[in-house]
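One is the number of the first residue; the rest follow in order along the sequence. As the structure is a computational prediction, the values presented were derived from the model and not from experiment.
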Amino acid sequence: MNSGTLRTAAAKPGRIHDNLTDLIGNTPLLELHNYARNRNLFGRIVAKIEFFNPAGSIKDRAAWAIIAEAEAAGRLKRGDLIVDVTSGNTGIGLAAVAASRGYRAKFYVSDNISQDKVKLLRLYGAEIVTVKNAFFLDPEAIDKITQRIREENPLAFFADQLANPANPRAHFETTGPEIWRDTAGTVDILVGGVGTGGTTAGAGRFLKSKKPGLKVVIAEPAEGSIPTEENPYPDEIDGVHKVSEVPPEQLPKNVDTGIADEIIALSTAQARRTALELVAEEGVFAGTSSGAVLWAATQLAARAENAGKIIVAILPDTGERYLASTWWPLETAPGVEGPGPAA
């Protein structure tokens, strides 16, 4: 059978899985040949496509790790309530795992998150408590929301994705090893964004333990894409947060800025445009956070010093999670109207 022949599922032995959680992890790597060729890039960008996880994002990994650890410790039994604060994806992962294992779920969410995420949370059976986005401008917001969740849900299991060490551990034990395995140890640079910080902390630590010279680069929003008291509802990069020049006490405990060798800031417009270019040029429909990570990876691949290097860009979720957002109007898509790919 030649490489152009379609291989059907029947041609390869399979396995019947027992639970949704069996499907988490082992997501594919895809080299973005068209994208790199169109920009004459020196480095090789390889995308880690995390929307292949069963609930559609990289957060499925942390969600299952947190719940699995709680189960092993006897802290969860069928019918129990799982609670957390979320910008959407971790909540969706937790809600999906909860549904598959007989738990209930309740989440505190900012009122600016994608309505697609809110709908998904409700479809999975989760209860939603909306919090004004301006609340999170408070330097003590993390401590205050944590206290509120515990006080309002004294009998629930608080997943605490922002501080639970099971979050970065999931990426140290799965995401990092998968990248190392699938690149045969040739990965040179890891690029990611920071939401809770678990991905870059866990995967970055693992990869640096295997290859000390490896670089970890974080994409973060530039000024104008960050909420302020004057504008608590800016045009944000959903799920990507600023980490530079932020006091440590205001960052989630799982964030490890020390793991980063470089931080690259970009605008929301750049993240969105890159996501649109990715789907037009590679057929990969990823979200805004993926666009941010890919934009940062592109800056690195454009440097002559990175010629031939393997740059793994972690794409956290699918663009289908943001279809209700105003940033997906068809007329802005490459090849329809408007400017073409960035030079």
Side-chain angles (χ1 to χ4, degrees), residues 21 24-27 48-70 82-97 107-109 113 117 136 142 145-146 157-180 190-209 214 216-221 237-244 246 248-261 263 287 289-290 292-293 296 312-317:
T21 56
I24 295 173
N26 286 306
T27 55
K48 177 75 164 162
I49 306 180
E50 286 294 302
F51 59 69
F52 275 78
N53 281 301
S57 87
I58 194 168
K59 300 298 188 177
D60 292 4
R61 296 176 185 266
W64 173 222
I66 289 168
I67 290 177
E69 186 175 276
I82 296 171
V83 296
D84 208 346
V85 57
T86 181
S87 61
N89 281 335
T90 303
I92 291 166
L94 286 167
V97 174
F107 301 106
Y108 292 69
V109 305
I113 73 167
K117 290 181 178 180
F136 295 99
I142 293 177
I145 195 67
T146 296
F157 169 69
F158 178 31
D160 196 16
Q161 61 158 319
L162 299 176
N164 194 321
N167 178 351
R169 189 181 306 122
H171 299 288
F172 185 90
E173 295 178 350
T174 67
T175 314
E178 288 171 22
I179 292 170
W180 184 255
L190 176 71
V191 188
V194 167
T196 65
T199 301
T200 50
R205 285 174 196 155
F206 176 84
L207 292 171
K208 285 197 171 192
S209 74
L214 178 136
V216 173
V217 178
I218 290 174
E220 72 169 13
I237 305 174
D238 200 352
V240 178
H241 304 305
K242 184 174 177 61
V243 294
S244 64
V246 177
E249 63 272 14
Q250 294 181 26
L251 291 171
K253 290 183 172 60
N254 280 328
V255 172
D256 180 8
T257 55
I259 199 73
D261 296 283
I263 297 174
S289 58
S290 298
V293 171
V312 173
I314 296 179
L315 308 189
D317 69 2

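Distance OG1/Thr21 to CG/Asn53: 12.0 Å, rounded to 0.5 Å. Note that CG of Leu251 is 11.5 Å distant from OG1 of Thr196, once rounded to the nearest 0.5 Å. Interatomic distance, NZ of Lys242 versus CD of Gln250, reported as 12.0 Å (0.5 Å rounding). The OG atom of Ser290 lies 11.0 Å from the CG atom of Asp238; values are rounded to the nearest 0.5 Å. Here the CD1 atom belonging to Ile142 is positioned 5.5 Å from the CG atom belonging to Leu162, to the nearest 0.5 angstrom. Glu220 contributes atom CD, which lies 10.5 Å from atom OG1 of Thr257 (distance to the nearest 0.5 angstrom).
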Practice task
Begin with the C-alpha distance, continue with both residues' side-chain angles, and end with the deciding distance and a verdict on side chain to side chain contact (heavy atoms under 4.5 Å, CB included) for Asp60 and Val97.
Solution key: CA-CA 8 Å; Asp60 292 4; Val97 174; over 6 Å; no
Practice task
Carefully, step by step, assess Trp180 and Leu207 under the rule side chain to side chain contact (heavy atoms under 4.5 Å, CB included).
Solution key: CA-CA 7 Å; Trp180 184 255; Leu207 292 171; 3.9 Å; yes
Practice task
Any chance you could lay out the side chain to side chain contact (heavy atoms under 4.5 Å, CB included) test for Phe158 and Thr146, step after step, and finish with the verdict?
Solution key: CA-CA 9 Å; Phe158 178 31; Thr146 296; 3.5 Å; yes
Problem - side chain to side chain contact (heavy atoms under 4.5 Å, CB included) between Thr174 and Trp64, intermediate numbers included - result: CA-CA 12 Å; Thr174 67; Trp64 173 222; over 6 Å; no
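Proximity of a side-chain donor or acceptor of Asp261 to a complementary backbone N or O of Val217 within less than 3.5 Å is not detected. Between the side chain of Asn164 and the main chain of Ala166, a donor-acceptor pair closer than 3.5 Å is present. The main-chain N or O of Gly258 is found under 3.5 Å from a side-chain atom of Asp256 such that the two form a donor-acceptor pair. In this structure a side-chain-to-backbone donor-acceptor pair under 3.5 Å is present from Lys208 to Ile259. Counting only distance, with no hydrogens or angles, the side chain of Lys48 and the backbone of Thr27 share a donor-acceptor pair below 3.5 Å.
By the 4.5 Å heavy-atom criterion applied to side chains, Ile24 and Arg61 are counted as neighbours. Looking at heavy atoms from C-beta onward, Ile66 lies in side-chain contact with Phe157 at the 4.5 angstrom threshold.
Minimum heavy-atom separation, Ala63 to Leu94: CB-N, 3.4 Å. Here the closest heavy-atom approach between residue Ala292 and residue Ala219 is recorded as O-CB, 3.7 Å. Gly91 and Thr86 get closest at one heavy-atom pair: N-OG1, 3.0 Å.
Partners of Asp160 according to the salt bridge (charged side-chain N to carboxylate O under 4.0 Å, His left out) rule, which considers only residues two or more places apart in sequence or in another chain, do not exist here. With sequence neighbours left out, Asn254 forms a side chain to side chain contact (heavy atoms under 4.5 Å, CB included) with Asn167, Pro168. The salt bridge (charged side-chain N to carboxylate O under 4.0 Å, His left out) test applied to Glu173 returns no partner, not counting sequence neighbours. Residues that satisfy the salt bridge (charged side-chain N to carboxylate O under 4.0 Å, His left out) test with Lys253, not counting sequence neighbours, are absent from this structure. Residues passing the side chain to side chain donor-acceptor pair (under 3.5 Å) test with Gln161 are Thr90, sequence neighbours excluded. With sequence neighbours excluded, no residue forms a salt bridge (charged side-chain N to carboxylate O under 4.0 Å, His left out) with Asp317.
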